[in-house]
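Beneath this line is the structure, given in structure tokens, with notes to follow.
Numbers here simply count residues along the sequence, with the first being 1.
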Amino acid sequence: MAIEQGNEVEGGVTGKPWTLQEIEAVVETYFHMLRMQESGQSVNKSELNRRLKSRLPARSLAAIAQKHSNISAVLTVLGVQTLRGYWPLFNIQKALTDVVTRALADDAVFDQMALQRVHGMVETPFISDYSCLLVQSPMVPERNKCKSSRLENISYPKRDYLAREASNASIGLAGEHVALEFEKCRLKKVGYPELADRVEHVSITKGDGLGYDIRSFNDDGSSRRIEVKATSYGIHTPIFISSNELAQSKIDPSTFWIYRVFNLRNRPRIYMLSGDMEARLSLEAISYRALPRLPSSSF
């Protein structure tokens, strides 16, 4: 399935553009499933999509799934958590962006659920086998088609739930504990139990101003500095990184790693990035340190 200027393409034939009513129906179902996810309920996506398909006879289930992924892309840019299972696809109609932002502005129930989720306490999960946590890092999605003025100048009460969750200390600490035990397991598995015993949780023992959280070792005994980034959301959730952490990654790129712990609340997994993070990550400035300028003339 491909998208061409917002139109569905099936079997090489361009289908009709999605109507406003069709888009509203998909967004309504997506937010229904998202509210269920935020409340901790299980979500039967297949059944809900089958019901949606009966309302949209001109659209296939594959086309509906792709539109859900387009919604995920809009939400990702807006700093809102997305529905698990629908990776962001950044090829988006203006009509879809408008409907999603309007739904966000009008959905007070989702707002309350989302705030409770991102500010809620998280305990370190029990994991019986840390060796199964590692997965391949995701590819960076292409966002330039989504970064238009209509997204940058939207007018709705923006919360940036993902930024709020990134500052939740209990999530950060639980993620560090998961990464710490994973790292000890990794070293033992490759035959270095003596190095595993020397892994240090430096954000606890030396404070959180170092620009990384764990001091560990590579297989050859050289140093490995690990900054842990944790989220209870999925693998494509953006990482929030400070200027100090970026600077640390440049000091000695061969020793600097980010361990991304995701799905922390239900099924934790980890992917790893190493080196100069300015080269490894697609960076987007979201805030600035500012001071008033001196007046051009004195009084």
State, to 0.1 Å, how close [X] and [Y] come at their nearest heavy-atom pair, and which atoms those are.
X    : Y    : value
A25  : L52  : O-CD1, 3.6 Å
L281 : L273 : CD2-CD1, 3.5 Å
F31  : V100 : CZ-O, 4.3 Å
R164 : S167 : O-OG, 2.8 Å
V178 : Y130 : O-CE2, 3.7 Å
S242 : E245 : N-OE1, 2.9 Å

Can you tell me if [atom1] on [X] sees more than 12 non-hydrogen neighbours from other groups inside 6.0 Å?
X    : atom1 : value
K53  : NZ    : yes
Q136 : CD    : no
E194 : CD    : yes

Donor-acceptor pair, [X] side chain versus [Y] backbone, under 3.5 Å?
X    : Y    : answer
K45  : R84  : yes
D213 : D208 : no
Y212 : F256 : no
E176 : V228 : no

Mind checking whether [X] and [Y] have side chains closer than 4.5 Å, heavy atoms only?
X    : Y    : value
I241 : L283 : yes
Y233 : V118 : yes
N44  : M33  : no
V135 : I270 : no
V74  : F90  : no
F262 : K229 : no
P238 : T76  : yes
R260 : M272 : no

Point to revise | Cation over ring face, R225 and W257, 6.0 Å, 45° | key: no
Verify whether one side chain among [X] and [Y] offers a donor that lies under 3.5 Å from an acceptor in the other.
X    : Y    : result
Q81  : T237 : no
D111 : Y161 : yes
R269 : N263 : no
S249 : E278 : no

Practice item. Begin with the C-alpha distance, continue with both residues' side-chain angles, and end with the deciding distance and a verdict on salt bridge (Lys or Arg N to Asp or Glu O under 4.0 Å) for K94 and D98. Key: CA-CA 6 Å; K94 181 181 185 302; D98 293 341; 2.8 Å; yes
Check your understanding: So which of E183, R186, R198 actually passes side-chain contact (heavy atoms from CB on, under 4.5 Å) with F217?
Key -> R198
Check your understanding: Relative to the ring of Y86, is the ring of Y30 parallel (under 30°), tilted (30 to 60°) or perpendicular (over 60°)?
Key -> tilted
Review point. According to the interplanar angle, ranging from 0 to 90°, do the rings of H177 and H201 count as parallel (below 30°), tilted (30 to 60°) or perpendicular (above 60°)?
Key: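 Ring orientation of H177 relative to H201: perpendicular.
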Exercise for review: Before accepting this row, confirm whether a basic side-chain N of the pair R35/E38 lies closer than 4.0 Å to the acidic partner's carboxylate O.
Suggested key: no
Review point. Under 4.0 Å between a Lys/Arg side-chain N and an Asp/Glu carboxylate O for E123 and R265?
Key: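 Not counted as a salt bridge, because no side-chain N and carboxylate O are separated by less than 4.0 Å.
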